[in-house]
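What follows is one structure encoded as structure tokens, with my remarks underneath.
Because only heavy atoms are used, hydrogens play no part in the values below, and waters and symmetry mates are left out as well, while side chains stay in. Note that the coordinates shown come from a computational prediction; the quantities given were computed from them, not determined experimentally. We're numbering straight along the sequence, starting at 1. Order of listing sets the numbers, starting from 1, for every ligand and every atom in it.
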Amino acid sequence: MPFSRRLATKWLGRQIVFFRELSSTQDEAKKRLFTAPSGLVIWADRQLAGRGRMARPWFSPRGAGLYFSLILKPPLANPLPLYGLATAVGVAEALEKVFQVPFQVKWPNDVLLSGRKVGGILLEAVSSSLIVGVGLNVSLRREDFPPEIREKATSIYEETGLSVSRARILRAILETLEPLYEAVLTAGFEAFSRAWKQRDVTLGARVVLKRPERVITGLSLGPAPDGTLRLKTSGGTVKVHSGEILMWEIPGWESRAA
Ligand code: BTN
């Protein structure tokens, strides 16, 4: 049965364009932005120049991961970074339904499995629309990863030993994200705050956060309703708009480097 006949969504992914190879699904989505309907999905089997946050490359070998971008058009909730958090938690929920194991999220947009990064979300705002890129390591083996990310990254197969088709995973993700995006539009962060809290690996942990200009350490109080991260530091509580959590430590329990 064709993919879209089995997909139980109203608008998200009703139109999907699949490519064997692209430089980046983000770029293809950008090219089609002005003629595309909201909910268009660009999916590639392989990316030659997949990119992540902070101008990092996203390793996208053929057949081993899920790489797609979706287009969201106005009306959209504000501020837009909320969609990064919502997508991460929606992807985690969808994967839990498919694989029956708990996934975690890490501010702002990471999806983790057994404490290691298994997926990431890239948001790009173009005029008044949003391009949401999702990358997921599905069946990569540990030795497939470039050495510099081998310790921090993992794949669903490495952690669970389970193989599920990428089409089935994508369907579960789109079916979870559609009602979530609708709820975000009316309720903002409240639409997923509980789901986030249940899966937030750094909540209540001491974290080391890297920003371009400096490193901040503090206790993570979780995201604020505007999507920023609240950190209790020695100088008081601060709200951080962007950055990367390098390390987190739950007192008396475990310490992890990202
Ligand atoms: C991150 O964690 O840094 C975000 C990674 C986002 C990767 C995806 S793969 C599909 C889409 N196309 C890209 O070039 N990047 C995103």
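- Relative ring orientation between Phe99 and Phe103 is described as tilted, the plane-to-plane angle lying within the 30° to 60° band.
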Let me check something: any side-chain donor-acceptor pairs from residues 39-50 under 3.5 Å, sequence neighbours excluded? List them with distances.
from	atom 1	to	atom 2	distance (Å)
Asp45	OD1	Gly63	N	3.2
Asp45	OD1	Arg166	NH1	2.8
Asp45	OD1	Arg166	NH2	3.3
Asp45	OD2	Arg62	NH1	3.3
Arg46	NH1	Glu21	OE1	2.8
Gln47	OE1	Thr25	N	2.9
Gln47	OE1	Thr25	OG1	3.3
Gln47	NE2	Ser60	OG	3.0

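- Partner of Glu159 under the side chain to side chain contact (heavy atoms under 4.5 Å, CB included) criterion, out of Leu113, Val101, Leu112, Val118: Leu113 alone.
- With hydrophobic clusters built from ILVMFWY side chains whose heavy atoms lie under 4.5 angstrom apart, Val17 does not share a cluster with Leu12.
- Looking at Glu182 and Trp11, their side chains do bring a donor and an acceptor atom within 3.5 Å of each other.
- Arg211 has a carboxylate O that lies under 4.0 Å from a charged side-chain N of Glu213, or vice versa, which qualifies the two as a salt bridge.
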Every pair of nitrogen or oxygen atoms between ligand 1 and the protein that is under 3.5 angstrom apart - can you list them with their distances to 0.1 Å?
from	atom 1	to	atom 2	distance (Å)
ligand 1	2 (O)	Lys117	NZ	2.5
ligand 1	3 (O)	Arg53	N	2.6
ligand 1	12 (N)	Thr25	OG1	2.9
ligand 1	12 (N)	Gln47	OE1	2.9
ligand 1	14 (O)	Ser24	OG	2.7
ligand 1	14 (O)	Gln47	OE1	3.4
ligand 1	14 (O)	Arg51	N	2.8
ligand 1	15 (N)	Arg51	O	2.7

